[in-house]
Amino acid sequence: MTEQQLLDSLSQPSTRRQGFSEVVKQYSEPLYWKIRKLVLCHDDANDILQNTFLKAWNNIQSFEGKSKLSTWLFRIAINESLDFLRKQKANEMVSSDADCNVANKLLADDFFDGDETQAQLQQAVALLPEVQRTVFTMRYFDDMPYSEISLILGTSEGALKASYHLAVKKITDYFHHID
């Protein structure tokens with residue numbers, strides 16, 4: 001289904017469930033990977049994906065079409081991911097202990113298919129503040145243009161570029177310290 005066909009089916013009460021089922025089918029995988037790159041753990045990503053679709057379903061009638069459906073869904077997914085990361089950080093009284101274990105957790109995760117360098121990169125990314133982590137992930141891993149990130153996060157392109165460059169500097173410094 002095209003985006004317009006999806007929007008048409010979502011706008012009609014008689015076809016809304018079927019349309020939303022198609023939304024879930026089309027967007028589950030890309031949303032999962034956006035979420036997974038932020039929260040790293042497969043189970044957490046699955047939970048956040050379910051929350052994203054639940055929130056989208058509960059708010060689908062208020063979707064005004066001012067942005068693409070995919071942009072709206074990505075915004076919900078990223079906000080859910082950031083909320084999760086904030087709660088996780090609040091629950092971990094000593095966050096440095098949790099951050100130190102990111103690489104080891106990833107290497108032990110059956111769903112992680114990277115090597116030790118990729119695990120170290122994810123550990124460096126996990127040490128970034130949430131906004132820098134989000135911008136870096138969207139730009140570096142997803143190769144998303146600043147204009148699209150700006151739409152999703154509601155932040156100016158200039159601020160996003162500054163966040164990205166700060167993130168790159170912190171990650172570079174991290175790798176210099178582990179050598």
Side-chain angles (χ1 to χ4, degrees), residues 1-7 9-11 16-92 98-99 102 105-106 109 111-114 118 121-123 125-157 159-161 163-164 167:
M1 283 183 120
T2 66
E3 178 148 335
Q4 190 54 54
Q5 290 170 320
L6 278 175
L7 292 173
S9 67
L10 291 170
S11 68
R16 189 170 291 135
R17 280 191 186 279
Q18 180 185 357
F20 197 77
S21 177
E22 187 63 31
V23 167
V24 170
K25 191 172 12 171
Q26 282 189 29
Y27 291 102
S28 285
E29 190 172 341
L31 285 171
Y32 169 83
W33 287 109
K34 284 227 183 311
I35 295 165
R36 176 77 189 269
K37 287 172 186 161
L38 288 170
V39 301
L40 304 178
C41 174
H42 169 71
D43 291 335
D44 293 337
N46 265 342
D47 290 346
I48 294 167
L49 180 63
Q50 297 307 314
N51 290 344
T52 298
F53 282 127
L54 183 62
K55 189 167 266 188
W57 173 253
N58 289 334
N59 294 289
I60 198 69
Q61 288 174 285
S62 64
F63 177 68
E64 298 173 352
K66 290 180 180 175
S67 66
K68 292 189 336 189
L69 182 63
S70 58
T71 302
W72 184 69
L73 291 168
F74 289 145
R75 183 180 301 134
I76 294 170
I78 287 166
N79 286 335
E80 288 293 308
S81 299
L82 291 174
D83 286 348
F84 171 83
L85 291 170
R86 287 181 197 112
K87 286 176 191 165
Q88 186 180 48
K89 193 160 232 145
N91 289 340
E92 296 164 350
D99 294 337
V102 168
K105 283 181 189 174
L106 284 174
D109 185 343
F111 292 96
F112 180 70
D113 61 357
Q118 289 165 315
L121 174 59
Q122 290 292 356
Q123 182 162 322
V125 171
L127 294 169
L128 295 171
E130 287 94 356
V131 173
Q132 287 176 16
R133 180 190 313 192
T134 303
V135 173
F136 181 83
T137 299
M138 294 170 85
R139 183 80 181 132
Y140 180 82
F141 292 115
D142 298 334
D143 200 26
M144 194 178 282
Y146 286 113
S147 57
E148 190 174 345
I149 299 170
S150 176
L151 287 173
I152 292 171
L153 297 180
T155 306
S156 75
E157 290 185 40
L160 294 172
K161 289 176 183 177
S163 289
Y164 180 78

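For reference, positions follow the sequence shown, starting with 1.
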Open item on the list: Strictly by ring pair (Phe, Tyr, Trp, His ring centres under 6.0 Å), give each pair with a member in residues 60-80 just once, sequence neighbours left out.
Closed with: F63-W72
Residues in side-chain contact (heavy atoms from CB on, under 4.5 Å) contact with [X], at least two apart in sequence or another chain:
{"X": "A77", "answer": "L31, I35, T52"}
{"X": "S11", "answer": "none"}
{"X": "D47", "answer": "none"}

Open item on the list: How long is the straight-line distance from CD of Q4 back to CG of L69, given to the nearest 0.5 Å?
Closed with: 10.5 Å
Task: Under the salt bridge (Lys or Arg N to Asp or Glu O under 4.0 Å) test, residues paired with E22 that sit two or more places apart - done: K25
I'd like to check the side-chain hydrogen bond (donor to acceptor under 3.5 Å, both in side chains) partners of [X]; sequence neighbours left out, ordered by chain and number.
{"X": "D83", "answer": "R86"}
{"X": "K68", "answer": "none"}
{"X": "Q5", "answer": "T2"}
{"X": "E29", "answer": "none"}

Open item on the list: Give me the atom names and distance for the closest heavy-atom approach of I60 to R16.
Closed with: CG2-CD, 3.7 Å
TODO: Grab the two heavy atoms, one from L6 and one from G19, that are nearest each other, plus how far apart they are.
DONE: CD2-O, 3.6 Å
Just so I know, are the side chains of [X] and [Y] near enough to count as touching, which here means a heavy-atom distance under 4.5 Å?
{"X": "K55", "Y": "N51", "answer": "no"}
{"X": "L160", "Y": "R139", "answer": "no"}
{"X": "L153", "Y": "V131", "answer": "no"}
{"X": "E80", "Y": "F53", "answer": "no"}
{"X": "I76", "Y": "N59", "answer": "no"}

Listed pairs under 3.5 Å, donor-acceptor, residues 140-149 side chains, sequence neighbours left out:
residue : atom : partner : partner atom : Å
D142    : OD1  : K37     : NZ           : 2.6
D142    : OD2  : K34     : NZ           : 3.1

TODO: Give a yes or no answer on whether the side chain of S150 reaches the backbone of T155 with a donor-acceptor pair at less than 3.5 Å.
DONE: yes
Open item on the list: Tell me whether S21 contacts the main-chain N or O of R17 through its side chain, where contact means a donor paired with an acceptor under 3.5 Å.
Closed with: no
Open item on the list: Applying the side-chain contact (heavy atoms from CB on, under 4.5 Å) criterion to T134, which one of V125, L85, L82, N79 satisfies it?
Closed with: L82
Task: ring-ring contact (aromatic ring centres under 6.0 Å, His included) against F20, all qualifying residues, sequence neighbours excluded - done: W57
Open item on the list: So, using ring-ring contact (aromatic ring centres under 6.0 Å, His included) as the criterion, who are the partners of Y164 when residues are at least two apart?
Closed with: F136
